[in-house]
Student: 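Dropping a structure here in C-alpha cells format, bear with me for questions.
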Amino acid sequence: MSQQLAVPEIPLTARVALDPASTALVVVDMQHDFVSDGGSLQVPDAAATVPVIAGLLRNFRAAGARIVFTQDTHRDGDPEFAIWPAHALEGSHGWEIVDALHPLPGDTVLRKPRYDAFYGTPLDHLLRVWRVRTLVICGTVANICVHYTAASAALRWYDVVIPRDAVSALDPFDLAASLRQTTSLLAGRVTTAAGIALTPRVTTSA
Ligand code: ZN
C-alpha cells in the first residue's frame with residue numbers, strides 16, 4: 001500500500017550574506033563514482049550541479065574564502081559495502097574528484113571514511129584554526145554525506161548553509177526530508193547558489 005505524504009514548506013532564504021574570512025565552502029564527494037556515467041553509485045542529478053558548484057568555487061576563490069573538498073575513501077572489504085555497492089576505492093578512477101571541479105593548490109582535500117566529514121578527519125581542527133564559523137555545504141548525496149556533515153557541523157555550533165541547487169540525491173523524498181531537517185533541527189539556512197553573497201565585513205579604524 002502506498003501512502004501520499006505532503007511535503008511541508010521548506011523555508012528558502014533568498015539572500016545569505018557571509019563574511020569570507022569566517023566562511024568555508026565544503027564540496028562533498030563530487031567523485032566519478034557518484035557523478036559520472038558508469039560510476040558505481042551514480043546519482044543521476046549530480047551532473048547538473050557541477051556547473052553550479054564550479055560557480056561557487058569561482059566566487060569563494062575570488063573572495064579568498066577557505067575551500068574544503070571531501071573525498072569518500074574506502075578499501076576492499078569496507079563494512080559500508082554491506083549497505084552500498086563498492087565505491088570510492090582509494091586510488092581508483094571512481095574515487096577521483098571530477099575534472100570540472102578539480103581542487104587547486106590552496107584548497108584542502110580530506111579523505112573521509114564515513115558519511116560525516118568530521119568523522120576520522122581533521123576538519124573540526126582546521127575550521128577552528130581558520131576561525132571559520134559558517135559552512136556552505138554542497139555536493140552529493142544530499143541526504144547522506146551532505147546531510148550527516150551538516151548535522152555534525154550544527155552539533156558543533158557551526159552555522160550551516162545549503163544551496164539547494166548545488167546538492168543532489170537519489171530520491172526526491174530523501175532530498176526534501178534532508179532539507180526540512182536542515183532548516184528545522186539544525187537551524188540551518190537553505191538558499192540557492194546565486195543567493196550567497198560573500199561580503200567582507202567592513203572594519204573601521206580610528
Ligand atoms: Zn562511501
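First listed ligand is number 1; within each ligand, the first listed atom is number 1.
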Student: With a 4.0 Å cut-off on N to O distance, would you call D72 and R111 a salt bridge?
Tutor: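 No salt bridge links D72 with R111.
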Student: Tell me the protein N, O or S atoms under 2.8 Å from the Zn ion (ligand 1), in chain and number order.
Tutor: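 Listed by chain and number: D72 OD2, H74 NE2, E80 OE2, H87 NE2.
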Student: Can you tell me how far the CG atom of N143 sits from the CG atom of L179, to the nearest 0.5 Å?
Tutor: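 With rounding to 0.5 Å, CG (N143) is 9.5 Å from CG (L179).
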Student: Side-chain heavy atoms under 4.5 angstrom apart, residues restricted to Ile, Leu, Val, Met, Phe, Trp, Tyr: same cluster for W95 and V28?
Tutor: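 No, W95 and V28 fall in different hydrophobic clusters.
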Student: Any non-hydrogen side-chain atom of S184 less than 4.5 Å from a side-chain atom of I10?
Tutor: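 In short, these two side chains do not touch, never coming nearer than 4.5 Å.
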Student: Look only at the side chain of H147 and the backbone of C145, and say whether a donor-acceptor pair between them is shorter than 3.5 Å.
Tutor: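 The answer is no, because no donor-acceptor pair under 3.5 Å joins these two groups.
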Student: Name the residue from R114, H87, K112 that meets the side-chain hydrogen bond (donor to acceptor under 3.5 Å, both in side chains) definition with H74.
Tutor: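 For H74, the side-chain hydrogen bond (donor to acceptor under 3.5 Å, both in side chains) test succeeds with only one of R114, H87, K112, which is H87.
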